[in-house]
Undergrad: 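First the structure, then my questions, so here it is.
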Amino acid sequence: MTDEVASLPDDVDAVQQALIEWYEADHREFPWRRTDDAYEILVSEVMSQQTQLGRVVDAWHSFLDRWPTVHDLAAADRADVVGFWTDHSLGYNNRAKYLHEAAGQVVSEYDGEFPETPSELSELMGVGPYTANAVASFAFNDGDAVVDTNVKRVLYRAFDVPDDDGEFERVAADLMPDGESRVWNNAIMELGGVACEKTPACDEADCPWREWCHAYETGDFTAPDVPTQPSFEGSRRQFRGRIVSALKDNEELALDTLGPKVRVDYVPDGEYGREWLAGICSDLADDGLVAFDADAGRVRLRR
DNA sequence: ATCCCGTAGT
DNA sequence: ACTACGGGAT
């Protein structure tokens, strides 16, 4: 026997059963947990990647009202999808573009029927390892163990898994009961979301793993390092967001009309003027989010 | 002011 | 391996 699963308790069956029973006894209700439609689940996962779950619920219903099927989304104008995204404060606009592109892939490459394996799902734009396993699990009960920051935190604390992506992936896979990816991945992320958050709530949430948890035993609830990010206020990101938001009603605007909508201190020939704005519009155009005519100095969302 | 967080591009 | 990417919640 190797030391491959040295991090895990001997009675893995009991660990698995405890978590599943805990999850099934009580958990937060989200509408996407009551569907097995791959398109609806993909939309929820892409939204959830960047936005707190409570805020996703309304946006998810609205999105599916507007584009009920993958065919509807594939046929939509990119500008409308990006406009919806910014209108609902969903964050990174690139993801709206990716989701729209992924819908196009499903229609053109799979005749509108979603592929069911993580490896095929990973080929879709904006779908990486996490989302591929989430969709494969929740739509088809056929995913591998998901490894998101919730799962990393749980494994790091409970079983002393080293802060290393390969280690997390290996232990997460060893821990998942065969053929139960749907309930398992829901359950372990729920554990990270309500019991094993940054500030843990072991007793309050009746954590099912207290008897095995190294952190609960030692009182050391350190979590894996999360990279710090540059401040948002005053950042390029902030102004990109404001530009897309100003264009969301599909207007085409001249730079000098757009400028004051983006920053109050806009002066055409000033430090933050036409040249500065054109630079950001040019980046947005490179990202495929806007159509920018630099000579005419006019910009609008890209169809 | 800080937190949240998976993917793509390089 | 590192960085860009949004904006509400707290």
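Predicted model, so just to flag it, every value in this text is computed and none were measured. Here is how names work: the chains are called A, B, and so on, in the same order as the sequence lines, proteins then strands, and each is numbered from 1. Just so you know, these numbers use all the heavy atoms, side chains as well, and skip hydrogens, waters and symmetry mates.
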Undergrad: Distance check needed: dG6(B) P versus Leu121(A) CG, whole Å only.
TA: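 So the two atoms are 17 Å apart, to the nearest Å.
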
Undergrad: Once you apply a heavy-atom cut-off of 4.0 Å, does Val127(A) come out as touching a base, just sugar-phosphate, or nothing?
TA: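 If one applies the 4.0 Å heavy-atom cut-off, Val127(A) turns out to touch the sugar-phosphate alone, with no base involved.
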
Undergrad: Name the nucleic acid region contacted by Asn93(A), choosing base, sugar-phosphate or nothing; use a 4.0 angstrom heavy-atom cut-off, strictly under.
TA: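 Touches sugar-phosphate only.
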
Undergrad: With DNA chain C as reference, determine whether Ser245(A) or Pro230(A) sits nearer its 5' end, using the nearest nucleotide of each.
TA: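 Final value for this comparison: Pro230(A).
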
Undergrad: NA contact type, Pro129(A), heavy-atom cut-off 4.0 Å: base, sugar-phosphate, or nothing?
TA: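 Since only primed, P, OP1 and OP2 atoms lie under 4.0 Å of Pro129(A), the category is sugar-phosphate.
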
Undergrad: Grab the CZ-P distance between Phe84(A) and dG6(C) for me, whole Å please.
TA: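 My rounded result for the distance is 17 Å.
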
Undergrad: Give one of base, sugar-phosphate or nothing for Thr51(A), where a contact means two heavy atoms less than 4.0 Å apart.
TA: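 No contact.
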
Undergrad: Expressed in angstrom and rounded to an integer, what is the separation of Asn94(A) atom CG from dG7(C) atom C1'?
TA: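 To the nearest whole Å, that distance equals 15 Å.
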
Undergrad: Output the single nucleotide from dC5(C), dC3(B), dG8(C) whose closest atom is nearest the side chain of Gln52(A).
TA: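 Of dC5(C), dC3(B), dG8(C), dG8(C) is nearest to the side chain of Gln52(A).
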
Undergrad: Side-chain N or O of Ser89(A) less than 4.0 angstrom from OP1 or OP2 on dG7(C)?
TA: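 For Ser89(A), the contact criterion (side-chain N or O under 4.0 Å from OP1 or OP2 of dG7(C)) is not met.
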
Undergrad: Does Asp111(A), at its CG atom, have more than 12 non-hydrogen atoms belonging to other residues, nucleotides or ligands within less than 6.0 Å?
TA: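 Open: at most 12 neighbouring heavy atoms sit under 6.0 Å from CG of Asp111(A).
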
Undergrad: If you take the centroid of each ring, where Trp contributes its six-membered ring, are Trp67(A) and Phe84(A) closer together than 6.0 Å?
TA: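 Ring centres of Trp67(A) and Phe84(A) closer than 6.0 Å.
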
Undergrad: Of the nucleotides dG6(B), dG6(C), dA8(B), which has the atom closest to the Met125(A) side chain?
TA: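 My answer, after comparing the listed nucleotides, is dA8(B).
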
Undergrad: Just call it for Tyr130(A): base, sugar-phosphate, or nothing, with non-hydrogen atoms closer than 4.0 Å on any strand.
TA: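 Tyr130(A): backbone/sugar contact only, no base atoms under 4.0 Å.
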
Undergrad: When the nearest nucleotide of DNA chain B is assigned to Gly126(A) and to Gln50(A) on a heavy-atom basis, which residue is associated with the more 5' position?
TA: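 Result: Gln50(A).
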
Undergrad: Atom CG of Asp165(A) to atom P of dT7(B): distance rounded to whole Å?
TA: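 Taking atom P of dT7(B) as the reference, CG of Asp165(A) is at 12 Å.
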
Undergrad: Between Trp276(A) and Phe239(A), does the ring-ring contact (aromatic ring centres under 6.0 Å, His included) criterion hold? Intermediate values first, please.
TA: CA-CA 11 Å; Trp276(A) 169 83; Phe239(A) 293 110; 5.1 Å; yes

Undergrad: Round to a whole Å and report the spacing from CG of Asp283(A) to P of dA4(C).
TA: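 Asp283(A) atom CG is separated from dA4(C) atom P by 11 Å.
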
Undergrad: Take atom P in dG8(C) and the same atom in dT7(B), then report the distance between them in whole Å.
TA: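 About 23 Å, rounded to a whole number of Å.
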
Undergrad: Send over the distance from Asp225(A) CG to dC5(B) P, rounded to a whole Å.
TA: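 The answer, rounded to whole Å, is 15 Å.
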
Undergrad: Taking OP1 and OP2 of dA4(C), is either one under 4.0 Å from a side-chain nitrogen or oxygen of Ser235(A)?
TA: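 So the side chain of Ser235(A) is outside the cut-off, no N or O lying under 4.0 Å from OP1 or OP2 of dA4(C).
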
Undergrad: Should Asp72(A) and Thr69(A) be marked as a side-chain hydrogen bond (donor to acceptor under 3.5 Å, both in side chains) after you check the CA-CA gap, both sets of side-chain angles, and the distance that decides it?
TA: CA-CA 5 Å; Asp72(A) 299 315; Thr69(A) 71; 2.9 Å; yes

Undergrad: Evaluate Tyr216(A) against Trp209(A) for ring-ring contact (aromatic ring centres under 6.0 Å, His included), listing each step before the verdict.
TA: CA-CA 9 Å; Tyr216(A) 191 73; Trp209(A) 282 358; over 10 Å; no

Undergrad: Output the single nucleotide from dT7(B), dG8(C), dA8(B) whose closest atom is nearest the side chain of Arg95(A).
TA: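 My answer, after comparing the listed nucleotides, is dT7(B).
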
Undergrad: For the side chain of Arg237(A) and the base of dG6(C), is some donor closer than 3.5 Å to an acceptor across the two?
TA: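 Indeed, a donor on one side and an acceptor on the other fall under 3.5 Å apart.
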
Undergrad: Could you tell me the separation between the NZ atom of Lys152(A) and the C1' atom of dG6(B), rounded to a whole number of Å?
TA: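 Taking atom C1' of dG6(B) as the reference, NZ of Lys152(A) is at 9 Å.
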
Undergrad: Quick one: pull up OG1 in Thr149(A) and CE in Met189(A) and give me the separation to the nearest 0.5 Å.
TA: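 The CE atom of Met189(A) is 10.0 Å from OG1 of Thr149(A), to the nearest 0.5 Å.
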
Undergrad: Would you say Arg240(A) places a side-chain N or O within less than 4.0 Å of OP1 or OP2 belonging to dG6(C)?
TA: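 Indeed, a polar side-chain atom of Arg240(A) lies that close.
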
Undergrad: Which part of the nucleic acid does Thr228(A) contact within heavy-atom distance under 4.0 Å: base, sugar-phosphate only, or nothing?
TA: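 Nothing, no nucleic acid heavy atom in range.
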
Undergrad: Give the rounded distance in Å between these two atoms: CG of Leu124(A) and P of dT7(B).
TA: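 The answer, rounded to whole Å, is 12 Å.
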
